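Fair warning: this is a prediction, and the values are worked out from it, not measured in the lab. Note that ligands are numbered from 1 as they come in the structure, with each ligand's atoms numbered from 1 the same way.
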Amino acid sequence: MSTSKKIGIVTGGGDCPGLNAVIRAVAKAATMRGWETLGILGGYDGLLEPRQFRVLDYRALDGLLTRGGSILGTANRGQFSAKTGHGESRRLPKELLDRTKAGMDALGLSALAVIGGDGTLSIAQQMDEHGIEIVGVPKTIDNDLEGTLLTFGFDSAVACATDALDRLHTTAESHNRVMVLEVMGRYAGWIALYSGIAGGADAILIPEVPFSYDRVCAKIAEREAKGKRFTIVVVAEGARERDGGFVTTGPAEANREAHLGGIGAVVAAELARRSGKEARCCVLGHLQRGGTPTNFDRVLCSMFGSYAVELIATGRLGQMVAYSGRQIGAVPLAEAVGRLKTVDLDGSMAQTARALGISLGD
Ligand code: F6P
């Protein structure tokens with residue numbers, strides 16, 4: 001039995017590879033059920049007047065599986081931004097939630113599929129509490145959302161960072177240098193740890209393990225003693241020295257999280273000073289968020305998007321699709337937001353790094 005519906009898709013927060021692949025999967029799965037899909041432009045704001053949307057019919061989906069960014073645009077600032085600090089979010093005013101609901105009614109939407117990270121999904125949770133029919137899809141290169149083993153975009157960011165490490169290896173070796181690669185990830189070290197292992201790093205500094213320069217220099221010295229004249233260090237943007245603070249690009253704007261960045265250069269300078277070796281820093285930045293998704297992410301996005309439609313069809317609202325490692329399922333939005341999934345130091349990834357002799361700086 002198929003009851004016809006019209007659903008809206010919203011992308012919110014920072015972009016990442018695979019957003020368009022999820023949009024495609026949601027719209028295709030909806031079309032298969034005979035439903036209509038509207039893509040809301042510019043995040044949740046597109047639901048408010050002047051409403052901005054585009055019809056996602058079959059032809060509109062051409063080429064989306066591989067295309068980076070979001071064809072709907074996305075926003076991580078403005079009246080719908082919820083993140084105000086490290087893991088903190090704010091409540092939206094009731095009046096704004098009322099206007100959002102009115103916007104959906106005006107567009108004839110019965111439900112929303114919202115694709116976003118912690119901030120966007122914590123807004124989705126508030127909308128669910130307000131009676132808006134909504135489901136979430138976990139997006140972020142940082143992989144820091146609770147309730148799912150993986151978020152989409154993470155694998156693509158790791159692939160980008162690993163490729164950078166492969167390139168840095170050859171130049172580090174030619175010049176006998178210490179090369180430091182700063183990667184993103186906010187307050188979680190997943191990108192640093194996965195890419196560091198995949199790219200053969202000698203030291204990986206992550207927010208979960210405050211580091212000591214002495215320990216990293218000991219790693220450099222150990223390698224020198226074995227005739228290895230170069231060292232590769234991966235630094236997560238949220239890494240910090242023991243007893244030190246986060247390195248940021250400046251003071252946080254009102255109602256926004258502090259912008260992390262700059263720790264790579266600090267680490268490179270200090271390692272050069274202490275070890276007497278030449279050190280250089282490379283900041284990968286938004287390259288990790290751009291471009292086409294990896295094969296793995298394309299599959300994950302396809303599974304996530306089609307399952308989001310399944311959730312709406314079966315009335316399982318207020319849920320976020322989730323990947324458990326075996327299959328796609330769902331968890332309540334409330335269980336996914338408001339706390340960060342950070343690297344478990346007793347887990348396989350951290351243990352693998354230690355078993356391989358990679359220094360975590362402690
Ligand atoms: O959350 C994704 C992310 O890329 C983080 O890794 C990074 O700290 C932040 O967004 C950068 O945000 P912006 O695009 O605003 O510079």
_Looking only at the side chains, is there a donor atom on one of D98 and H130 sitting less than 3.5 Å from an acceptor on the other?_
yes

In terms of residue, atom name and distance, what is the protein heavy atom nearest to [atom]?
atom	result
atom 16 (O) of ligand 1	H259 NE2, 2.7 Å
atom 2 (C) of ligand 1	D142 OD2, 3.3 Å
atom 15 (O) of ligand 1	N76 ND2, 3.5 Å

*So do the side chains of F152 and Y323 get within less than 4.5 Å of each other, counting heavy atoms only?*
no

*Spell out, as yes or no, whether a donor-acceptor pair under 3.5 Å connects the side chain of W35 to the backbone of A313.*
no

*Between T248 (side chain) and H259 (backbone), is there a donor-acceptor pair under 3.5 Å?*
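No, because the side chain of T248 does not come within donor-acceptor range (under 3.5 Å) of the backbone of H259.
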
*Check whether any heavy atom of G185 sits under 4.0 Å from an atom of ligand 1.*
yes

*asked:* Heavy atom to atom 3 (C) of ligand 1, shortest distance: which of E237, R186, R289, H286 holds it?
replied: R289

*Aromatic plane relationship, Y194 with F154 - under 30° parallel, 30 to 60° tilted, over 60° perpendicular*: perpendicular

*Enumerate the atoms of ligand 1 whose separation from the nearest heavy atom of I141 is less than 4.0 angstrom.*
4 (O)

